[in-house]
Amino acid sequence: MVKRHKNTIGLWRLGKTLGTGSTSCVRLAKHVKSGELAAVKILPIKNVSVGMEILMMRLLHHPNILQLYDVWTDHQNMYLALEYVPGGELFDYVRKHGALSEKDVAHYMVQLLDALSHCHQFRFRHRDLKLENILINPYERVIKIADFGMATVEPDNSFLTNFCGSLHYLAPEVVSHTPYQGAPADIWSCGVIFYALLSNKLPFGGTSTGVVYDKILNGAYDLPCSCSTAAQDLLHKMLNVNPSNRITIPEILNHPYILSNLEQSNETLLPKSSLPYSILDVDPLVVDCMCLLWKKSSSKSIVIKLQMHEENDEKKYLSLYDLIHDKSLLKKLNGTTSQENIPDENGKNEFSVEGNVNKVNETAHFNPFYSFYQEKAEQQKLRDLMHAEDESNVTYKKLTPNYDLDLNLTFDPMGVRVVSVSPLEQEEYIPYHRYGYTRIFPNISLCGGNTGYETPSPISTPDSSIDFVPASDDPNTTPVYNSSKRPNSLSTRGRRRFNTADGRSASVPLYSSQAFTQRCASSNAQLAHSSGRNDNNSVFHKLSSLFSPQKKPFSL
Ligand SMILES: Nc1ncnc2c1ncn2[C@@H]1O[C@H](COP(=O)(O)OP(=O)(O)OP(=O)(O)O)[C@@H](O)[C@H]1O
């Protein structure tokens, strides 16, 4: 349950109504700390069943799928904080602007199909694709699939039987109430969308449901005037009444209509079927890292190269470990011959705690993943922080009385996410979910946030068991905290008071990262070291095991 204060849901302040649907009201909302905008969908609890929808949206992360930030509930309503898309529905956009140019249609169709392909990879079937369920940001020329209310999971080798969707977008096999496969049915709906974008009309209209059904079942539509032969051919293939003969997503992406209209790019779109390895064999983290390394490469072309039989540069790296340990690559990327920061043959250097702390900044510049972090991950990680619950809902974790380091680390290509932390004081409690990410290689610098947005400073633990260096003011250390969007991010200095669950509090010194580095240097302190009690429990022990090279991100 969430505490509601007037027009505030959690940390979101509600603003104007963006629109109302049959079951909901959607309001613009602003995050009280970050200023970020969201669309909060308010659904009366009594008539919602959104479990599956929430689950799917949580699982799906794609630039063309509306992101679900958070969910709250009170005794009356459910509140879904969604990514805000300033242009509203594609339906209204097309109504207002009329038919789009073929080039624009291709641009948006590729986004739609890419997002749909992402859903299908999880065997999710949307089942209600229509202009009204696609939101558009006309400024960035991006569309997002929204509303997974009718979506379902289709197990392997099975058929769906639920008759659902929206009249004009229903595939013939759905209209005929025969068991159907969701993927071709979704492609049919995309065909209807394709037609509508080209012509500002629906292909299967009529004065009654019966008339519409007849047209759908017969695949009877008038070709939009002035549309190219390539567009006509693609329409014909997408609106094929026989689902087994209907064109597939990879085939659409390689259709001459799409290829000829796509802006010149170095993306190679090949039919998936021609690739020997499944996309599921490819680790998205590796792809993201490669995108960084070969800046001009699109993720699509990398994924395709990884799926190929023949040798290529991309396939050289069998794992993320290999990738980040490629000395020549690191040298090339950094234009440096500096050896200190390059991990040695055994991959030991990045775990070295003896490293000179003054090298921290140098290392950060050296680290090729730094720019990745800035460009790609910052927003997402920042979001994680921003969507941390408010103080009243913080979960506290009691630390073990013997001060053993209690770290729970999640591997991330850029570093480690600290989800629980070392003790600050005996029997101290601290909120665990506010810890952020940081890089840890080539030389380790284990960082964590302390209590949220406004205190991005290093914490030194009183028993010196470990130093955390959140350092949002230091772009070389933790770019994720270094967003201009975060007001007050540098405001807290001096000491920070932590309140415990049972009402006691402890005060912890805070340092700027610069001061921290100096302090480490002058005291000969190590940037981070073992828990002090039990070496097997040390940070480095845990990190080393996370970085073991056995994990192969894709099987070749
Ligand atoms: N993420 C968003 N960003 C901007 N506007 C949005 C967003 N989500 C919804 N809206 C606006 O709110 C309106 C209503 O939302 P939505 O269609 O999701 O409600 P609904 O109850 O699911 O509707 P229905 O059940 O009738 O399809 C939309 O028409 C759109 O203009």
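Starting from 1, each residue takes its place in the sequence as its number. First listed ligand is number 1; within each ligand, the first listed atom is number 1.
- With I145 as the partner, the side-chain contact (heavy atoms from CB on, under 4.5 Å) test is satisfied by one option alone out of D128, L66, L112, L135: L112.
- Interatomic distance, CD1 of I252 versus CD1 of I187, reported as 5.0 Å (0.5 Å rounding).
- Pairs engaging residues 224-243 under the side-chain hydrogen bond (donor to acceptor under 3.5 Å, both in side chains) rule: E102-S228, D233-K237, D233-H255, N242-S244 [sequence neighbours left out].
- Between D222 and K201, no side-chain nitrogen of the basic residue sits less than 4.0 Å from a carboxylate oxygen of the acidic one, so the salt-bridge criterion is not met.
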Open item on the list: Run the side-chain hydrogen bond (donor to acceptor under 3.5 Å, both in side chains) test on S176 and E173 for me, step by step, so that the C-alpha distance in whole Å, both residues' side-chain angles and the decisive distance to 0.1 Å come before the verdict.
Closed with: CA-CA 5 Å; S176 62; E173 62 271 24; over 6 Å; no

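- Y108 pairs in a side-chain contact (heavy atoms from CB on, under 4.5 Å) with only one of the listed residues (N64, L100, I193), which is L100.
- Within 4.0 Å of ligand 1, the residues that place a heavy atom are L18, G19, T20, G21, S22, T23, S24, V26, A39, K41, L66, E83, Y84, V85, E89, L135, D147, listed by chain and number.
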